[in-house]
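So you know, we letter chains A, B, ... as the sequences are listed, proteins then strands, and number each from 1.
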There are 4 protein chains.
Amino acid sequence: MPGSPPPPAPEVNVARKPGRPRSEEAHGAILDAAIQLIREVGYDALTMDAIATRAGVGKATVYRRWSTKETLAAEAVERIMRAIPVPDTGTVDGDLRRMMRNTLDMYRDPASGALLSGLVAAMARSELIARTIRSGFVGVRRAALRQVLERGVARGELRKGLDYDLVLDLLVGPLSYRFLITGGPVDERLARGVVDAVLRAFAPKD
Amino acid sequence: MPGSPPPPAPEVNVARKPGRPRSEEAHGAILDAAIQLIREVGYDALTMDAIATRAGVGKATVYRRWSTKETLAAEAVERIMRAIPVPDTGTVDGDLRRMMRNTLDMYRDPASGALLSGLVAAMARSELIARTIRSGFVGVRRAALRQVLERGVARGELRKGLDYDLVLDLLVGPLSYRFLITGGPVDERLARGVVDAVLRAFAPKD
Amino acid sequence: MPGSPPPPAPEVNVARKPGRPRSEEAHGAILDAAIQLIREVGYDALTMDAIATRAGVGKATVYRRWSTKETLAAEAVERIMRAIPVPDTGTVDGDLRRMMRNTLDMYRDPASGALLSGLVAAMARSELIARTIRSGFVGVRRAALRQVLERGVARGELRKGLDYDLVLDLLVGPLSYRFLITGGPVDERLARGVVDAVLRAFAPKD
Amino acid sequence: MPGSPPPPAPEVNVARKPGRPRSEEAHGAILDAAIQLIREVGYDALTMDAIATRAGVGKATVYRRWSTKETLAAEAVERIMRAIPVPDTGTVDGDLRRMMRNTLDMYRDPASGALLSGLVAAMARSELIARTIRSGFVGVRRAALRQVLERGVARGELRKGLDYDLVLDLLVGPLSYRFLITGGPVDERLARGVVDAVLRAFAPKD
DNA sequence: TCCTAAGCGAGACGGTACGTCCAGTCTTCGT
DNA sequence: ACGAAGACTGGACGTACCGTCTCGCTTAGGA
């Protein structure tokens, strides 16, 4: 047929490997099982045997994909904490409030809350997991927050020359600190107090 | 708070237990061994056998006092992070700067830094350990910091009606957040930025 | 019924178990290590750790096969005391003498002697071990001895209507009794005395 | 002072200073507890702690008297197997039958039977216990039996020049062998068969 | 249609740490 | 000075988990 594109042959260069291909079903089942188990028993009581059994999979099938418990746990955790919307309400105050509420929800949901605890335990023990989390879940959130701040500076709501990392940590640090360390209430009052304080501290100089 | 007065001699009615009393020497030796080993090999590679051997003590003697590795580690850490001076430089700014520097040192000292990571892991897993740490090491620091803030309010350097918990978390949260989560620099710049922001945000209203 | 199908050939349905089969090499290595160690350090100083180490095997591999030290020791002993020839010299007297010498050798060999002591201890404590030993090592010897006696009766060297169990115990009991209880000499003189006494006592009535 | 009367010392003969009156009482209580426990749980599961607790005594009090578990167990066992009457019915046959019945009773009584099993286990493991048992319980019975045989020889019921040890072992070995090794019936039929065989085998030559 | 290679579930493998239990000793207090 | 009570060191116990290694079997290309 004239004008028709050349036959796609999309796999021409893909160099098919011989042998039975890896089961995507097993892959997903393992990750799901790992996530469930981290929530149920925590990172420390997590065992590869339990993951394999729960996933209905042999241990070798797990190790074929992730060479250690760490790498598996890191990916399991990464998988459920991905996209975060960057709000755009027109004001820094509105945007920050919305993002803080989002974060609040995450801490307060027992599902993700328990996971977060396990995560911190895992990061404290594994540099690999720490890096994975930092570049994934944490990085994404920070980038979104930073965008909000940058827009605020551009609009003149925040002073120029902001130390973004400082402001980011001032916004997020208190919540994580309460959650992990003091066990105090992680609630609207805290969120609002933090946002207000930051906005006061970094309002344009005049 | 350190130096609390002795309770009103409750020993009067304390029925002496029969049998050989527990050896305080062994107690201390175990704790010391645990601390050494955490520093040497890390929290994860810590084993009860190694602790017992290093302390020159039978394993039963360890387990008689601490039923799990975590409880032992928690107390070991507690022991080296006790007293904290409440500075009094005459200004909130000076006091806070001094306390932040103190905290900074703690995070930067490899010895206590490594402990802190393990500690958070332990707290995430064990409510008991969490309570121990909160009422000990964390509580002491918060109380000292609060005292500084209260003096600042009294002197008119900070606004009245402060939400102390909020301010405390704004001061301390960013440091712990960087240390545990982002892995960013925990340095003078951060400390100074945090103190300045807090002072600006909570300066007297007029 | 003619044309009836062949017997169900039980092996046909023997469902193969999934998973890696147990290693016969490990099995043998453990048994060998156990025997060596019993000989070297005795039954009491025998430890499962030592057996596993000597066999180059994990402890779990040992416990997967033998749930206690006794069952392992029983089988270890069983393994080295298996076949016994049934002599045929033409006379009961000759046959018995030969078998007694064989038994004598067993008691006098330090290797098997030490095992025997431990074995009796184990039998006294465990009905399972007792049954294992009785149906194996003991049973084989009794069957052989009984065959000798039956031939003697057939040849008219022993009286008809023998109580075989009685004669068997008269032949073997004194040796084991000396070995285990009195600690007296288990030697040719004893063996010969026993055989002579039994032949006199059970000679044909006329 | 010479000539002066002795100080009144009112309690001197009244027995019992405080703290010490239980000395002999404790001794017996320990032995009794040991015997009970050997019967209940066997020699292997016997623990010094259990003995001390059962006896209402401190462990040190036990070790003050017996330096090891072995020595205590040996004495405990010895204590209940002491005297045995030497019968004198006028004939070897009658005497032996009576003694065999006595032995039979011992094996068949569950109380002493269980103890015997533990005993053999203990002898197999401890040369000290073996010696104690041989010179005590076993020795006494053998001496009694020997006396019976000697009288039989004197009366002409048995041939001269008997190998007493041989005859003793022929009489007693089969019973102990059945009890310990084969698990066969230890009954009147066996006893009678043994006695008859021995009398036939060692009857006077003519 | 068969062959070859890699996948699969199952579970045994060597190792290491766990938390418990005992033997035999030592230390406290009470009598 | 002896008693009960119980903590002490040391070391074996039997269990659990890690990461690896077989088993017998499926599942795909390529011959």
Side-chain angles (χ1 to χ4, degrees), chain A residues 16-23 25-26 44-50 52-53 55-69, chain B residues 16-23 25-27 44-50 52-53 55-69, chain C residues 15-23 25-27 44-53 55-69, chain D residues 16-23 25-26 44-50 52-53 55-64 66-70:
Chain A
R16 289 296 289 119
K17 287 211 227 118
R20 177 175 177 176
R22 294 196 179 168
S23 157
E25 195 179 320
D44 264 56
L46 185 68
T47 72
M48 292 301 250
D49 283 79
T53 301
V57 139
K59 284 206 308 180
T61 302
V62 179
Y63 279 102
R64 209 170 280 123
R65 291 166 167 76
W66 296 275
S67 61
T68 66
K69 193 165 91 164
Chain B
R16 287 293 292 118
K17 285 214 230 114
R20 178 175 175 175
R22 297 199 175 163
S23 156
E25 195 178 321
H27 196 94
D44 266 55
L46 185 67
T47 72
M48 293 300 250
D49 282 81
T53 302
V57 139
K59 282 208 303 180
T61 301
V62 179
Y63 280 103
R64 209 171 281 126
R65 293 169 164 76
W66 297 276
S67 59
T68 66
K69 195 160 84 166
Chain C
R16 283 289 293 116
K17 284 215 230 113
R20 177 174 178 174
R22 297 198 177 165
S23 158
E25 196 179 319
H27 197 92
D44 266 55
L46 185 68
T47 73
M48 292 301 248
D49 282 81
I51 292 171
T53 302
V57 139
K59 283 208 301 178
T61 301
V62 179
Y63 280 105
R64 211 171 278 125
R65 292 169 165 74
W66 298 275
S67 58
T68 65
K69 198 160 81 166
Chain D
R16 313 304 178 197
K17 289 209 197 125
R20 299 198 46 187
R22 303 202 55 190
S23 183
E25 196 178 322
D44 265 55
L46 185 68
T47 71
M48 292 301 251
D49 282 81
T53 302
V57 139
K59 285 207 307 181
T61 302
V62 178
Y63 279 101
R64 210 170 282 125
W66 296 275
S67 60
T68 65
K69 193 164 92 161
E70 282 193 340

Which part of the nucleic acid, if any, lies within reach of A:Leu46 when heavy atoms closer than 4.0 Å are counted: base, sugar-phosphate only, or nothing? sugar-phosphate

Sugar-phosphate, base or nothing in reach of C:Ala50, heavy atoms under 4.0 Å: nothing

Atom-to-atom span, CG of D:Asp49 to P of E:dT25 - whole angstrom: 14 Å

When you measure from the side chain of C:Arg64 to the backbone N and O of C:Arg22, does any donor-acceptor pair fall under 3.5 Å? no

Minimal non-hydrogen separation, A:Ser23 against A:Arg65, with atom names: O-NH2, 2.9 Å

For B:Lys69, report the nucleic acid contact type (base, sugar-phosphate, nothing); a contact means any heavy atom under 4.0 Å. sugar-phosphate

Atom CD of B:Glu25 to atom P of E:dT28: distance rounded to whole Å? 11 Å

Interatomic distance, C:Ile51 CD1 vs F:dC13 C1' [rounded to whole Å]: 12 Å

Touch class at under 4.0 angstrom, heavy-atom based, for C:Thr68 against every strand present: nothing

Tell me whether the side-chain N/O atoms of C:Arg22 come closer than 4.0 Å to OP1 or OP2 in E:dC13. no

Is there a donor N/O on one and an acceptor N/O on the other, under 3.5 Å, for the side chain of A:Lys59 and the base of E:dG9? no

OP1 or OP2 of F:dA1 less than 4.0 angstrom from a side-chain nitrogen or oxygen of D:Arg64, does that happen here? no

May I ask you to evaluate whether C:Ser23 reaches the phosphate of E:dA12, defined as a side-chain N or O under 4.0 Å from OP1 or OP2? no

Distance check needed: F:dA4 P versus D:Met48 CE, whole Å only. 14 Å

Check every strand shown and say whether B:Ser67 touches a base, only sugar-phosphate, or nothing at a heavy-atom separation below 4.0 Å. nothing

I'd like to know if C:Arg20 reaches the base of E:dC13 with its side chain, counting only an N/O donor and acceptor under 3.5 Å. no

Does D:Ala60 reach a base, just sugar-phosphate, or nothing at all? Heavy atoms under 4.0 Å. base

Within this structure, what is the OG1-NZ distance for the pair D:Thr47 and D:Lys69, rounded to the nearest 0.5 Å? 7.5 Å

Mapping B:Gly58 and C:Thr47 to their closest nucleotides on DNA chain F, which lands nearer the 5' end? B:Gly58

What are the two closest non-hydrogen atoms of C:Met48 and C:Val62, and how far apart are they? CE-CG1, 3.7 Å

State the OG1-OH distance between D:Thr68 and D:Tyr63, to the nearest 0.5 angstrom. 8.0 Å

Specify the separation, in whole Å, of atom OH of C:Tyr63 and atom C1' of E:dT16. 15 Å

Look at the side-chain N and O atoms of D:Thr61 and state whether any lies under 4.0 Å from the OP1 or OP2 oxygen of F:dA4. yes

